[in-house]
Each structure stands twice: as structure tokens, then as C-alpha cells.
Protein chains: 4
Amino acid sequence: MPPETTSSRIKRDRAATRARLLDAARLRFARDGFDGTSVRDVAGDAAVDPALVFRYFGSKKKLFDEATAVPEPAAELFGGPREELPARLLGSIAFQDWPSHAGEHPLIAMLRSSGHAETRERLREEVCETYVRALAELTGGGPDGDLRAELFSAWMLGIGVLRSVIGTPAITGATPEDLEPHLEKVIAALLERG
Amino acid sequence: MPPETTSSRIKRDRAATRARLLDAARLRFARDGFDGTSVRDVAGDAAVDPALVFRYFGSKKKLFDEATAVPEPAAELFGGPREELPARLLGSIAFQDWPSHAGEHPLIAMLRSSGHAETRERLREEVCETYVRALAELTGGGPDGDLRAELFSAWMLGIGVLRSVIGTPAITGATPEDLEPHLEKVIAALLERG
Amino acid sequence: MPPETTSSRIKRDRAATRARLLDAARLRFARDGFDGTSVRDVAGDAAVDPALVFRYFGSKKKLFDEATAVPEPAAELFGGPREELPARLLGSIAFQDWPSHAGEHPLIAMLRSSGHAETRERLREEVCETYVRALAELTGGGPDGDLRAELFSAWMLGIGVLRSVIGTPAITGATPEDLEPHLEKVIAALLERG
Amino acid sequence: MPPETTSSRIKRDRAATRARLLDAARLRFARDGFDGTSVRDVAGDAAVDPALVFRYFGSKKKLFDEATAVPEPAAELFGGPREELPARLLGSIAFQDWPSHAGEHPLIAMLRSSGHAETRERLREEVCETYVRALAELTGGGPDGDLRAELFSAWMLGIGVLRSVIGTPAITGATPEDLEPHLEKVIAALLERG
DNA sequence: CATGAATGAGGCTTCATTCAT
DNA sequence: AATGAATGAAGCCTCATTCAT
């Protein structure tokens with residue numbers, strides 16, 4: 001019997017335990033929010049003693065921060081051809097499955113913890129630095145370029161909220177193809193130089 | 001002193017106390033969410049013993065339900081000329097001051113407690129029955145009329161979120177006049193018969 | 001059966017419960033120090049739920065502060081004839097039984113929690129404002145009057161420590177009469193104008 | 001490379017590590033007391049894994065016992081001329097810097113952990129066997145020789161407490177020269193044959 | 001033998017809720 | 001019917017200590 005069998009009990013492996021805690025935390029925080037998640041919950045999901053949360057992360061808050069840290073700037077998301085950026089963003093927010101975040105886009109999931117000021121700040125930075133900044137390049141940069149980029153971001157975020165959180169029927173049942181023609185029009189209305 | 005005076009005084013007090021509790025609860029729940037609000041907070045704001053919350057409402061949850069029950073459908077909102085409906089809705093979500101809800105629109109405030117399934121359900125009903133239904137009348141009712149109405153609702157809700165919760169600079173600083181031209185275009189893009 | 005029988009179960013009486021907690025805290029803190037005492041211990045001694053400690057005192061620290069607050073300036077202690085003051089002070093520190101403080105003088109008991117800076121500060125104030133100040137009046141006020149008053153206070157405190165804390169045999173077994181002649185001499189050596 | 005080199009290196013390391021742990025423990029226990037010191041603190045100061053504390057000493061308590069064991073009776077302290085013994089003792093308690101004990105005399109430092117019965121017992125032994133015994137030789141051995149020796153020890157200990165723990169101003173600012181005349185008088189009052 | 005991952009008990013504190021008066 | 005004292009569960013976190021590697 002190979003020795004890995006023993007070690008496959010997933011025990012005594014700092015990196016693995018930390019990662020399991022982080023995974024569990026991402027899921028719980030995404031689904032139930034910061035207040036709705038207890039350290040015991042997370043530790044239980046990871047099949048680990050709650051004390052390890054503090055050993056590895058210092059506090060519930062720091063675990064939350066690390067678990068909800070935006071992943072890589074999604075290089076592929078912003079890498080492709082410019083004209084397709086809005087479609088890719090919308091797809092990422094509304095249609096992509098994020099198994100690590102209970103299925104939702106991280107931004108949408110973080111809204112669930114927006115009662116905490118710091119979470120709001122992180123949301124603002126992420127929306128401004130990533131979405132608005134990238135979209136503003138498409139607006140032709142007029143005097144209201146940022147406003148239009150924000151308005152388009154608002155639309156995408158709103159779609160995400162209606163689809164993932166509130167669950168209105170039409171948007172929830174829609175496919176990317178269903179949305180495509182409307183996306184075109186809204187792009188034309190908000191993003192393209194007026 | 002006639003006995004009904006006493007009893008009516010008590011009755012008025014009881015009703016007044018209940019109302020004060022509801023007002024306080026609305027404010028707290030809107031500002032801090034369900035989890036961020038304690039029964040003692042609410043009772044303290046109403047200058048009332050916490051036990052009365054249970055006497056009058058049964059539980060914190062039931063107080064929440066009653067406090068966040070959607071008010072009347074805001075007759076005036078839907079009463080005016082049809083063409084101005086989207087502008088009125090957007091104004092209501094993004095620009096109106098709701099003193100009873102810590103300044104925010106009730107829908108936006110309820111998002112703060114969307115970790116609770118029942119809150120989500122109530123949000124869905126409100127969005128569908130009120131916003132989508134009313135807007136669908138403007139879409140010409142094509143096969144995707146509901147979808148377009150939802151997409152427009154998503155935009156308005158997203159604007160509310162970006163303005164009240166996340167606080168992105170351009171939308172936060174915008175006036176109704178700033179938004180007006182964009183509103184026109186998005187109406188044309190989503191609501192008017194394509 | 002008189003109604004007091006029911007209320008003699010010592011329940012539902014805010015003042016009495018608070019007092020019982022305070023008594024239990026004084027005893028525990030005196031005997032085991034701040035760190036050696038848990039809120040559960042105190043509440044257990046008072047036959048009360050631990051949560052009441054926080055309801056009535058706010059925190060363990062505040063309970064400690066209130067429990068170890070110096071009682072009245074012991075009017076009788078400083079009221080009598082001046083020449084007998086040292087004897088009365090020594091008696092109070094070394095021989096008086098303080099049932100509220102596990103038998104020890106409060107100052108001696110507080111030494112057990114002197115790991116906390118605030119406790120040291122309170123001790124300093126008490127020693128300076130009460131003992132040194134009163135004794136300095138007996139020193140003839142020479143340039144080193146305060147020093148001699150402190151040196152005499154040190155002697156009394158040391159006796160208290162040896163008797164109550166360390167338990168050296170001769171002092172522990174001594175009676176006030178045994179100490180009297182030595183007291184006279186030390187008074188002459190330290191307090192009286194040299 | 002001969003094998004004993006390796007084993008002796010290890011042995012030296014083991015001894016050195018043990019010694020470093022003891023030094024760190026002495027310092028921490030002296031400064032913060034038993035309860036205020038954690039095993040991790042000590043191990044951290046010694047730059048060593050906390051588990052070694054248990055491997056080398058068995059428990060925190062045993063580490064404490066060993067770390068606070070009275071050092072050698074300080075031969076030099078008791079070696080000089082008899083008449084100067086009280087002055088040397090007082091200097092050792094009140095003015096000597098004990099870098100191994102955070103600056104304080106070990107007896108004073110141990111008072112900080114006097115909540116533990118065993119610490120008190122060790123304090124008693126040390127005071128009796130060392131101080132009282134040596135001082136009793138100066139009392140002329142009358143019937144109350146031990147009592148007078150204890151009373152003088154109490155004075156010294158009290159001075160140490162007021163100076164190092166409580167920090168009363170006059171004693172804290174005093175130099176050995178300031179104390180010298182008072183020392184003479186108290187020696188005459190307590191130690192010399194009456 | 002040394003390392004460090006893991007643990008379980010216990011600490012302080014808050015909260016929704018119940019119960020005696 | 002109203003008050004407020006009391007409660008018990010749960011929350012976050014720390015610590016001494018053990019156990020696998």
C-alpha cells in the first residue's frame with residue numbers, strides 16, 4: 001500500500017488545509033454573506049478545527065478579505081478584441097458559472113456583505129478600476145465618458161442581481177443569445193460616441 | 001374620569017408604540033440590514049422595552065417582515081402620463097430621498113438583507129409585479145417584452161446600487177439632468193418596439 | 001404563606017443580583033487576581049447567568065474596577081487621635097479581617113492583579129493619596145517628609161505581604177501586642193522629626 | 001567526520017536551546033507573571049518551536065518552576081562584613097538591576113505570580129531561609145529575633161514593591177544615599193538588641 | 001528527535017427570547 | 001398588559017497541549 005494513501009486523508013498539510021478553508025469560506029461568504037457565516041460553519045465545511053482559521057488567517061475578517069479578494073484581473077477577460085469586451089463582461093457577470101462562489105459572480109456575491117463599509121469600498125474599487133476603466137476606453141472619452149461607462153456597468157450589475165439574487169423569470173431563463181440583440185442596442189446607446 | 005378614556009389612551013399608546021417600533025425598524029433594517037440590527041437597537045430607537053417587540057410582533061423576523069413590507073404601490077408613481085413612467089421610476093430609485101429608509105429606495109435597502117431567502121422572494125415579487133409589469137406595457141408587448149422590461153429594471157436597479165451602495169463617483173455625483181439624455185437612449189434601446 | 005417567601009429565592013431583584021455579583025467578584029478577584037478569575041466563576045458564585053455580568057457591568061474589566069474600588073476613605077480610620085494613626089493603619093493592613101476580600105486588606109489583594117498597568121496606577125493613587133498623605137502630616141514635614149512617609153508605608157505594606165501573601169511564620173503568628181513595641185520604634189525612627 | 005561531533009553539536013544545541021528557553025521564560029514571567037505569559041511568547045522569544053517547551057520541560061508550569069527557581073544564594077551578598085549586610089540586601093532589592101528579571105529583583109518579580117500557591121510557598125522559603133535567617137544573626141537572637149528579622153525583611157520587600165511595582169514618587173526617585181540615614185535608624189530600631 | 005499541524009477546552013461577549021412580577 | 005430581570009445558545013478568539021510526520 002503506497003504511503004500516499006495515508007497522506008490522502010488530507011491531513012497535516014498546511015497548504016492543503018489553508019486552501020480548503022479558503023474554498024469553504026468563499027462558498028459560504030458568497031452564499032450567506034459575512035454575517036450569515038460563522039467560523040464554525042467554514043471550519044466544519046473544511047472538516048477542520050475552527051481554531052485553525054485563526055492560526056492561518058488571524059481573524060474571521062481577514063479570512064473574509066482573503067476569500068473575497070478579486071482573483072487575477074482576469075487577463076483573458078480583458079485580453080481579447082476590444083469590440084467584444086462588453087459581451088465578455090456581461091457573459092462573465094450574468095452567465096458564467098463560478099463554482100467557487102456558489103455559482104455567482106464574485107461581485108454579485110460581495111453585494112451580500114455590503115453592509116460592511118470595507119466591503120463597499122472594495123466593491124467600488126473593483127467596479128471603478130476594472131469595469132469602468134476598461135469600458136471608458138470604448139466611450140470615445142467624451143466629457144461624460146465615465147458616467148456612460150458607469151451606467152453600462154450598472155446595467156450589467158443589475159442584470160447580475162436580477163438573475164442571481166432576485167431571480168426574475170425572464171432574465172433568469174435567458175440565454176446569451178437571447179440577450180445579444182439587446183446588448184448591441186445598449187452598447188450603441190451608452191458606450192458609442194453620441 | 002370615564003373608563004374608556006383610559007382604555008382609549010392605552011389603545012392609542014399601543015398603536016403609537018407599535019408604529020414607532022415599525023418606523024425605527026424600517027430605518028435600522030434599511031441602514032444596517034437584518035443581521036446588523038439588533039432588537040435592542042430598534043427598541044432603543046423607539047424608546048421602548050425590547051420585550052414589546054416580541055409582544056407586538058412575535059419575533060425579530062416578523063418585525064422585519066412587517067417593517068419591510070412594500071408600501072402602497074405609490075399610486076402617484078404610476079398615475080401620470082405613460083411616456084414619463086420610466087423617468088419617474090428612475091427618479092424614484094436613484095434620486096428620491098426616502099427618509100423612512102435611511103435615504104435609500106426601499107428596494108435598494110432590502111438588497112442589504114438579501115441573504116435571507118424570504119427577502120429575495122419579496123424583492124422578486126415587487127420587481128415583477130410593480131416594475132416589470134408596468135414597464136412591459138411600454139414595450140409593445142412583443143415576444144420578449146418581459147425580458148426587455150426586466151432588462152430596463154435591471155438598469156435602474158443597477159444605477160441605484162452603484163449610487164447608494166457602491167458609490168461610484170460619476171453616478172453618485174450625477175443630477176437627473178445629467179442622466180436624462182442617457183435615459184432617452186436606453187428607453188429607445190430597450191423599451192420601444194424594435 | 002407570605003409573599004416574601006417567594007421573593008426570598010433571591011431572584012428578579014436587580015439590586016440584589018448586582019450586589020451578589022459584586023460580592024462574588026470582590027472575593028474572587030482578591031483571592032485569585034484578575035487573570036485567575038473568570039466571569040463564569042463569578043457568576044457561578046453568585047448563582048447567576050454569566051450574561052448578567054455584562055448586562056450590569058459592561059465588561060469583566062469594569063466589574064473588576066467596581067469590585068476593587070476603594071471603599072469609603074475609612075472615615076473612622078483617619079478620624080481618631082493623630083498619634084494613634086500609624087497603629088490604626090497597621091492594624092487595618094495586618095490584623096483586620098476583610099471578609100469581603102477573602103480576609104486580606106484590599107491593597108494587598110490588589111497586588112495580586114498588579115500585572116495590569118491600571119491596577120498599579122490605582123494602587124499608587126491609593127497609597128499616595130491616602131497613606132502617604134496622612135502619614136506625611138506626622139513627619140514634621142521636613143524636606144524628606146514624603147520619603148519617610150513612603151518608607152513607613154512600605155513597612156506596613158511589607159508586613160501585610162509577608163503576613164497575608166507569603167506567610168512567614170513569625171509575622172503570621174504575631175498579635176498586635178507583639179508588634180506594638182516595634183511599631184513604636186519604627187515610628188520614632190521614620191516618622192518623628194529627626 | 002567523527003560521529004561524536006554531530007552528536008555533541010546536537011547536545012550543545014539542545015542545552016543551548018533549553019537555556020535560551022529558560023532565559024526567555026525568566027524574563028517574561030518576571031515582567032508579565034505566569035498568567036500573562038504564553039508558551040508561544042516564550043518560545044517566540046527563544047526563536048524556538050513551542051512544542052519544545054513540552055519536550056524539554058513537560059508543561060508550562062514546570063517551565064515556570066524551573067525558570068523562577070531561586071538562583072544560588074548569591075554568595076557575595078552574604079560574604080562581606082556582617083554590619084553591612086542589611087545595606088547590601090536593601091541595595092540588592094531596591095537598587096540592583098536584574099537584567100534576567102526585567103530589571104526587578106526576583107522576589108519582587110515572583111510576587112507578580114503569587115496567585116499560585118506554589119509560588120507563595122517558594123517565596124516563603126526564600127524569604128525565611130535566606131533573608132530572615134541571615135538577618136536573625138544580627139538581632140542578638142532575643143526571643144523575638146525572628147520576628148524582628150521578618151519585620152526588617154518586610155520593610156525591604158515593601159520598599160521594593162513601592163519602588164518597582166507601585167511606583168510611589170519619593171522612593172522611586174531616591175538614591176541609595178537618600179535612604180542611608182533612614183536605613184541606619186530602622187536597623188537600630190528593629191535589628192539591634194533592644 | 002524535531003517540527004509544526006491539529007485540537008479541544010475555555011475565555012469574553014452579544015443576542016434573541018422567555019418568564020416572573 | 002407591561003416591565004425588565006434572567007437565560008442559554010452562539011459568536012469570535014486564545015491557549016496549553018498532543019500527535020503525525
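Residue numbers begin at 1 in each chain, while the letters A, B, ... track the order of the sequences.
Counting to the nearest Å, the C1' atom of dA16(E) and the CG atom of Leu21(B) are 15 Å from each other. The CG atom of Asp35(D) sits 14 Å away from the C1' atom of dG10(E) (whole-angstrom rounding). Following rounding to the nearest Å, Phe54(C) (CZ) and dG11(F) (P) show an atom-to-atom distance of 17 Å. Here the P atom of nucleotide dT14(F) and the CG atom of Asp32(D) are 17 Å apart, to the nearest Å. If you take CG of Leu63(B) and P of dC15(E), they are 16 Å apart, rounded to a whole angstrom. Between the CZ atom of Phe57(D) and the P atom of dA2(E) there is a distance of 13 Å, given to the nearest Å. dC15(E) atom P lies 7 Å from atom CG of Asp41(B), rounded to whole Å. We find that NZ of Lys62(A) is positioned 16 Å from P of dC12(F), with the value rounded to whole Å.
One distance of note links CD of Glu125(D) with CD of Glu121(D); it measures 7.0 Å at 0.5 Å rounding.
Looking at which nucleotide of DNA chain E each of Val39(C) and Ser38(B) is closest to, the 5′-most match is held by Val39(C). Between Lys61(D) and Gly58(A), it is Gly58(A) whose nearest contact on DNA chain F lies nearer the 5' terminus. Mapped onto DNA chain E by nearest heavy atom, Ala51(B) and Ala51(D) fall at different nucleotides, with Ala51(D) at the one closer to the 5' end.
Electrostatic pairing of Arg55(D) and Asp49(D) does not count as a salt bridge here, judged by no charged N lying under 4.0 Å from a carboxylate O. Electrostatic pairing of Arg26(D) and Asp23(D) counts as a salt bridge here, judged by a charged N lying under 4.0 Å from a carboxylate O.
Judged by a 6.0 Å distance limit and a 45° cone about the ring axis, Lys60(D) is positioned over the six-membered ring of Phe34(D).
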Legend entry - Canonical and wobble pairing (Watson-Crick, G-U, under 3.5 Å) of DNA chain E, dot-bracket with |: .||||||||||||||||||||
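Across all strands, Tyr56(A) comes closer than 4.0 Å only to sugar-phosphate atoms, never to a base (heavy-atom distances).
Which of dT7(E), dC12(E), dC15(E) sits closest to the side chain of Leu52(A) comes down to dT7(E). Between dG8(E), dA2(E), dG11(F), one nucleotide has an atom nearer to the side chain of Arg40(A) than all others, and that is dG11(F). Of the candidate nucleotides dT13(E), dA5(F), dA16(F), dT13(E) has the atom nearest to the side chain of Lys60(C). Between dG8(F), dC15(F), dC1(E), one nucleotide has an atom nearer to the side chain of Asp49(C) than all others, and that is dG8(F).
Proximity of a side-chain donor or acceptor of Ser164(C) to a complementary backbone N or O of Glu104(C) within less than 3.5 Å is not detected. A donor-acceptor distance shorter than 3.5 angstrom exists from the side chain of Arg120(D) to the backbone of Ser114(D), with no hydrogens or angles considered. A donor-acceptor pair under 3.5 Å is absent between the side-chain atoms of Arg122(C) and the main chain of Met110(C), judged by distance alone.
Under 3.5 Å, the side chain of Arg12(C) and the base of dA20(E) form no donor-acceptor pair of N or O atoms.
Between Arg55(D) and the phosphate of dT3(E), there is no side-chain N or O to OP1/OP2 separation shorter than 4.0 Å. Between Thr17(A) and the phosphate of dA6(E), there is a side-chain N or O to OP1/OP2 separation shorter than 4.0 Å.
Proximity of Asp35(D) to His116(D): side-chain heavy atoms (C-beta onward) are separated by under 4.5 Å at one or more points.
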